[in-house]
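One structure is given here, and the rest of the page talks about it.
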Amino acid sequence: MSFAILTALLGFAFVTTVAPGPNNLMLVASGANFGFRRTLPHMMGIVGGMTVMALLVGGGGG
């Protein structure tokens with residue numbers, strides 16, 4: 001993987017992780033309504049989905 005692609009992948013992963021997008025808002029609402037423990041599966045699903053999406057984009061599937 002070239003340096004340019006790796007830099008783009010890391011930038012994409014960083015921005016989509018820290019930006020207050022719909023996933024973060026859903027987690028805040030879920031945490032407020034159901035508590036931390038019952039929100040953990042939701043968190044893990046988002047992390048797993050983000051990982052798959054980043055791998056696909058980094059692998060040229062974007």
Side-chain angles (χ1 to χ4, degrees):
M1 182 181 306
S2 71
F3 181 72
I5 291 175
L6 180 62
T7 304
L9 175 63
L10 291 176
F12 170 76
F14 176 75
V15 168
T16 56
T17 301
V18 299
N23 288 330
N24 292 346
L25 295 177
M26 283 191 305
L27 287 175
V28 168
S30 181
N33 289 322
F34 305 114
F36 181 75
R37 282 185 101 145
R38 290 180 58 195
T39 302
L40 279 174
H42 190 177
M43 284 183 192
M44 294 303 108
I46 289 172
V47 169
M50 176 65 193
T51 301
V52 169
M53 186 171 59
L55 289 172
L56 288 172
V57 169

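None of these values were measured; they are calculated from a predicted model.
Side-chain heavy atoms closer than 4.5 Å link hydrophobic residues (I, L, V, M, F, W, Y) into clusters, and following such links, even through other members, never connects F14 to L9. Linking Ile, Leu, Val, Met, Phe, Trp and Tyr residues whenever their side-chain heavy atoms come within less than 4.5 Å leaves M26 and F34 in two separate clusters. Clustering ILVMFWY residues whenever any of their side-chain heavy atoms sit less than 4.5 angstrom apart, transitively, puts L25 in a cluster other than the one holding V18.
Annotation: the span from L10 atom CG to I5 atom CD1 amounts to 12.0 Å, rounded to 0.5 Å. Between the CG atom of L27 and the NE2 atom of H42 there is a distance of 5.0 Å, given to the nearest 0.5 Å.
At a threshold of 4.5 Å between non-hydrogen side-chain atoms, the residues F12 and M53 count as touching.
Scanning both residues, N23 and I46, for their nearest heavy atoms gives CB-CD1, 3.7 Å. Between M50 and A13, the shortest heavy-atom distance links the atoms CE-CA, 3.6 Å.
With hydrogens and angles disregarded, a donor-acceptor distance shorter than 3.5 Å links the side chain of T39 to the backbone of S30.
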